[in-house]
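See below for the structure under consideration.
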Amino acid sequence: GGTTVDFYSVIMGFFWVSVILFVAKIIREHVKILQNFFIPVSLIAGFIAWVVGPYGLKIVPLTSLCGDYAGALITVLFATIGLQGLGIKKGEGKKRAKDIAGYCVYRQINWAVQFSVPMILSILLLSRLHTGGDLHPAFGWLIPVSFLGGTGPAIAAGQVLDKYGFSDFTGLGITAAAYGMLLGLIGGIIMTKLATKRGYTSYIENTDTISRELLTGIIPKGKRGSIGEETIASITLEPLAWHLALIMIPTGLAHIITIYGSKALGIELPEFSIAFFVSLILYYVFQATKVNDSVDPKVINGFGNLISDYVVVFSLAMVQVDVIIKYAAPFLLLMLAFTVWMVVWFWFCGPHLIGKDWFERGLFNWGYATGTFATGFCLLRVVDPNNRSTALSDTAILTPFEHVVEITALSLGPVLLSTGAEWSYLGVVVVYGLLWVASIFFLKVWKRKVCKVSPTNPMYCPSEAQKDSQHSSCV
């Protein structure tokens with residue numbers, strides 16, 4: 001009997017969140033301001049769930065188990081990422097190496113700053129401003145997991161830190177992730193409007209050209225693409241069931257490895273990162289044994305996106321306001337400091353390091369480094385609707401290396417920051433960042449004099465662009 005009750009409590013949890021997602025989609029289709037800033041349905045639904053849920057008006061019977069659902073789904077989400085491989089295409093890296101060197105340096109320095117400076121600020125400065133007791137050394141971890149990571153990594157980090165006495169991190173991380181997503185989208189659109197007025201954009205002259213389907217989210221008949229291929233005959237096995245089985249195998253293996261591995265080693269292993277590496281190994285096993293011939297990465301990615309949307313709603317529904325109030329001063333100062341950093345890094349260093357299509361490529365990275373990959377992709381669709389810049393291909397080349405570095409840092413960071421090894425961790429990341437700063441000179445990627453106005457923009461004037469001192473957009 002108990003199992004039936006537990007099972008139906010899960011079903012009802014998904015039922016209520018599904019109803020809220022449905023309502024949020026209808027609202028998104030009719031409210032212009034939400035459309036103009038591309039606020040995703042999951043974020044709207046998460047806010048509604050918080051208002052009507054257990055920490056708001058208590059109208060909808062969402063239980064505290066919603067936090068557990070979000071935590072469990074994170075493991076599944078990272079399994080879908082690993083099953084898509086590292087995306088390295090033969091010969092592609094060498095061919096484009098010189099093209100993307102500056103872009104790589106731009107991304108890596110920002111990565112190193114986000115993974116080190118917030119913790120240094122927290123330990124040396126914010127801990128003195130916090131009146132609610134000792135500030136955990138991992139408080140600054142809110143920036144890398146919530147800005148560069150998003151809701152999923154924030155919950156994953158919270159699960160680890162909870163076992164080291166920082167139980168408030170999950171609520172803070174989810175709130176920071178929501179702020180990062182809003183900063184990415186709203187800030188990105190504001191910057192795009194500013195850029196079009198100054199001629200920085202290469203492929204659009206104004207934001208009036210944004211398609212209606214991108215604004216409303218409704219794709220009309222005739223323009224609808226496929227969400228995947230039927231890789232096996234449904235008479236033998238439903239293709240979606242086949243792909244779901246492939247996702248659940250590394251998810252279950254990761255859970256088993258985490259339980260027994262943690263007992264054997266005497267430390268808490270991060271289940272989400274184990275899921276990523278197990279599924280990555282399986283990806284290459286499947287490739288070697290031709291199983292991958294029956295796998296559609298688009299379907300795997302679709303499952304990942306589906307899980308991500310539900311995770312956002314489940315997690316935001318569980319945010320406790322009293323936790324945010326408890327850490328209000330250091331939390332607000334940390335968010336403000338890194339909002340300023342992201343703006344300064346984008347406008348003042350982006351043109352000098354990125355080069356060609358600096359605004360489009362930089363805006364994609366802005367979205368990714370404040371919210372999620374989806375945020376960056378959404379903004380890129382606005383400024384480069386036909387994908388003529390190299391933003392996505394650059395990302396495809398750089399992501400394999402970045403993925404491994406990021407997953408390693410996300411796995412080890414919370415543990416090291418909680419076990420007295422914070423300065424060892426920070427030392428490694430700071431040295432890593434300084435090596436990338438040094439590479440600016442070794443690789444000669446800093447363009448001393450650049451014209452921000454795009455050569456493909458009608459505002460571009462070659463004769464003026466050569467006279468740097470006379471051109472208002474040359475720096």
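Count residues from 1 along the sequence. Worth knowing before you read on, the calculation uses all heavy atoms, side chains too, and leaves out hydrogens, waters and symmetry mates. Quick caveat: nothing in here was measured; it's all calculated off a predicted structure.
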TODO: Show your working on side chain to side chain contact (heavy atoms under 4.5 Å, CB included) between T231 and W242 and close with a plain yes or no.
DONE: CA-CA 9 Å; T231 57; W242 162 244; 4.1 Å; yes

Open item on the list: As a quick check of understanding, evaluate side chain to side chain contact (heavy atoms under 4.5 Å, CB included) for H136 and L161, giving each step before the final call.
Closed with: CA-CA 10 Å; H136 196 282; L161 289 167; 4.1 Å; yes

TODO: Please confirm whether W141 and Y425 have ring centers closer than 6.0 angstrom.
DONE: yes

Task: Ring centers of F359, Y200 separated by less than 6.0 Å - done: no

Open item on the list: Could you check whether F272 and F78 have their ring centres less than 6.0 Å apart?
Closed with: yes

Open item on the list: Are more than 12 heavy atoms, taken from residues, nucleotides or ligands other than L237, located less than 6.0 Å from that residue's CG atom?
Closed with: yes

- [ ] Please round to the nearest 0.5 Å and tell me the distance separating atom CD1 of I354 and atom CZ of R107.
- [x] 9.5 Å

TODO: Would you check if T201 and I204 make a side-chain contact, meaning some heavy-atom pair closer than 4.5 Å?
DONE: yes

Task: Contact check, side chains of I44 and I39, non-hydrogen atoms, under 4.5 Å - done: yes

Donor-acceptor pairs under 3.5 angstrom involving side-chain atoms of residues 11-18: please list them, not counting sequence neighbours.
unit_1	atom_1	unit_2	atom_2	d
S18	OG	F14	O	2.6
S18	OG	Y310	OH	2.8

Open item on the list: Any non-hydrogen side-chain atom of P118 less than 4.5 Å from a side-chain atom of F338?
Closed with: yes

Open item on the list: Does F37, at its CZ atom, have more than 12 non-hydrogen atoms belonging to other residues, nucleotides or ligands within less than 6.0 Å?
Closed with: yes

- [ ] Could you tell me whether the side chains of Q159 and E271 share a donor-acceptor contact shorter than 3.5 Å?
- [x] no

Open item on the list: A side-chain contact here means heavy atoms from C-beta on lying under 4.5 Å apart; do P220 and E213 qualify?
Closed with: yes

TODO: Cation-pi check, R388 to Y203: give yes when NZ or CZ is under 6.0 Å from the six-membered ring centre and within 45° of the ring axis, no otherwise.
DONE: no

Task: Donor-acceptor under 3.5 Å (S122 side chain, G140 main chain) - done: yes

TODO: For the residue pair M318 and W50, establish whether any side-chain heavy-atom pair is separated by less than 4.5 Å.
DONE: no

Task: Test: K298 and E229 ion pair at under 4.0 Å - done: no

Task: Pair F286 and Y283, ring centroids less than 6.0 Å apart - done: no

Task: Worked check of side chain to side chain contact (heavy atoms under 4.5 Å, CB included) between F47 and L316 - done: CA-CA 7 Å; F47 177 74; L316 283 175; 5.9 Å; no

Open item on the list: Apply side chain to side chain contact (heavy atoms under 4.5 Å, CB included) to residues F331 and L142 and explain how you reach the verdict.
Closed with: CA-CA 9 Å; F331 182 85; L142 286 169; 4.0 Å; yes

Open item on the list: Hydrogens and angles aside, do N365 and Y106 bring a side-chain donor and acceptor to less than 3.5 Å of each other?
Closed with: no

Open item on the list: Counting C-beta onward and ignoring hydrogens, is there a side-chain heavy-atom pair between V113 and W345 closer than 4.5 Å?
Closed with: no

Task: Any donor-acceptor pair under 3.5 Å from Q108 side chain to E402 backbone - done: no

